[in-house]
Amino acid sequence: MKPVPILIDTDPGVDDFFCIAIGCAFRELFDLKAITTIGGNNTTEVTTKNALNILKLLHRDDVPVAKGTDSFLTRPFGRPVSKFHGANGLGNVELEKSDNDPAPLSACDMIYKTATECNGNLVVVTVGPETNLALALNKYPDLKTLIKKIVVMGGTTTTGNISPYAEANIYNDAEAARIVFASGIPIDMVGLNVTRLAPLRKSVFNTVSPDVRPEVRNVMEKLIEFRNEEAMHDAIAISSLVCDDVITWKNSYTYVIDGDSEKRGVTVTDFDAVTCNSRIAVAIDTSAYYKVITDMINNYC
Ligand code: BDR
Ligand code: CA
């Protein structure tokens, strides 16, 4: 089987680091075409530098990084989420600086260019606010026919983390998420209702030889420590593409509530709908997910 062409849209981000690491590690499964960045966990300036530095650490400087916009569709960014991502967006872990610059085109244009070049086979993994995708869908009406699937880390079928009802990626740019969910592109939504059930502990590396890329493992262990061994949400979204056992899905017609009400950012799931636009993650096999993590680090041998 040929590797699946993927593009990761991200705001690195401690858990985004693990998502990118998985996207880079499974070369037989993924052809990582590009990374596009957005603010959220920090400014787009910082998340873009982080993406470039992460790729350097992973020896994947060949992957282009395109910088996203400097605000959400209708709102300015909030302050950096230092409590969960450190002042530098990466748990205050300092990575060696990349010499690469961002690509000379915007994230929105990179999404369209990549989708066009992949002839309808591109899978987009979006693990930050969905501003870039919404801008691209607005600018290029044929884009919805060019993306095979969007895997979303975002939303929840239970409780939120930024409001009682909403998850942060969706809430932060609910207007964008509404556009993406209404696009007609098939969506796999991996939300807090499952990601919270799979904390990532340092002990996951117990079975991995200490000789395996210690500089990568060392950073991962520091990031896990910074997050007090809580869940790395974004890693779980991309893990669903590595192994079918990780997530159990349920078909749904799903839409996003935008605007200023207390329900802002809610992902409304209708599991009885006749026409569905999405698969919603409803259960997680944690052993299968932890195996993805150990296979990932072993692939860096
Ligand atoms: C999501 O919000 C961000 O802070 C994380 O990187 C993740 O994508 C979890 O709600
Ligand atoms: Ca993220």
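Counting starts at 1 for both ligands and their atoms, in listed order.
- Of all protein atoms, those of element N, O or S that lie under 3.0 Å from the Ca ion (ligand 2) number 5.
- Contacts between Ile162 and ligand 1 below 4.0 angstrom, taking non-hydrogen atoms only, are absent altogether.
- With respect to Thr10, the side chain to side chain donor-acceptor pair (under 3.5 Å) criterion is satisfied by exactly one of Thr47, Asp16, Asp15: Asp16.
- Val125 approaches Cys19 most closely through the heavy-atom pair CG1-SG, 4.2 Å.
- Looking only at protein heavy atoms, the nearest one to atom 6 (O) of ligand 1 is Asp15 OD1, 2.6 Å.
- The protein heavy-atom contact nearest to atom 2 (O) of ligand 1 is Asn169 OD1, 3.4 Å.
- No continuous path of hydrophobic side-chain contacts links Tyr165 to Tyr171 [ILVMFWY only; heavy atoms under 4.5 Å].
- Formation of a donor-acceptor pair under 3.5 Å by the Tyr300 side chain with backbone atoms of Ala21 is found in this model.
- Scanning the protein for heavy atoms near atom 1 (C) of ligand 1, the closest one is Glu167 OE2, 3.3 Å.
- With Phe77 as the partner, the side-chain contact (heavy atoms from CB on, under 4.5 Å) test is satisfied by one option alone out of Asn42, Asp11, Ile38, Asn172: Ile38.
- Looking at Asn228, its side chain never comes within 3.5 Å of a backbone N or O of Glu230 through a donor-acceptor pair.
- From Lys144, atom NZ reaches atom CG of Leu137 across 8.0 Å, with rounding to the nearest 0.5 Å.
- Judged by distance alone, with hydrogens and angles left aside, the side-chain atoms of Asn193 form no donor-acceptor pair with the main-chain N or O of Val282 at under 3.5 Å.
- At least one N or O atom of Asp16 sits closer than 3.5 Å to an N or O atom of ligand 1.
- In this structure, the protein non-hydrogen atom closest to atom 4 (O) of ligand 1 is Asn41 OD1, 2.6 Å.
- Although no hydrogens or angles enter the test, the distance criterion places no donor-acceptor pair under 3.5 Å between the side chain of Arg279 and the main chain of Trp249.
- Summary of contacts: the protein heavy atom closest to atom 8 (O) of ligand 1 is Asp234 OD1, 2.6 Å.
- Which parts of ligand 1 touch Val127 is read off a 4.0 Å heavy-atom cut-off, strictly below it: atoms 8 (O).
- Taking the six-membered ring for Trp, Tyr255 and Phe181 have ring centres at least 6.0 Å apart.
- The shortest N/O to N/O separation between Leu192 and ligand 1 does not fall below 3.5 Å.
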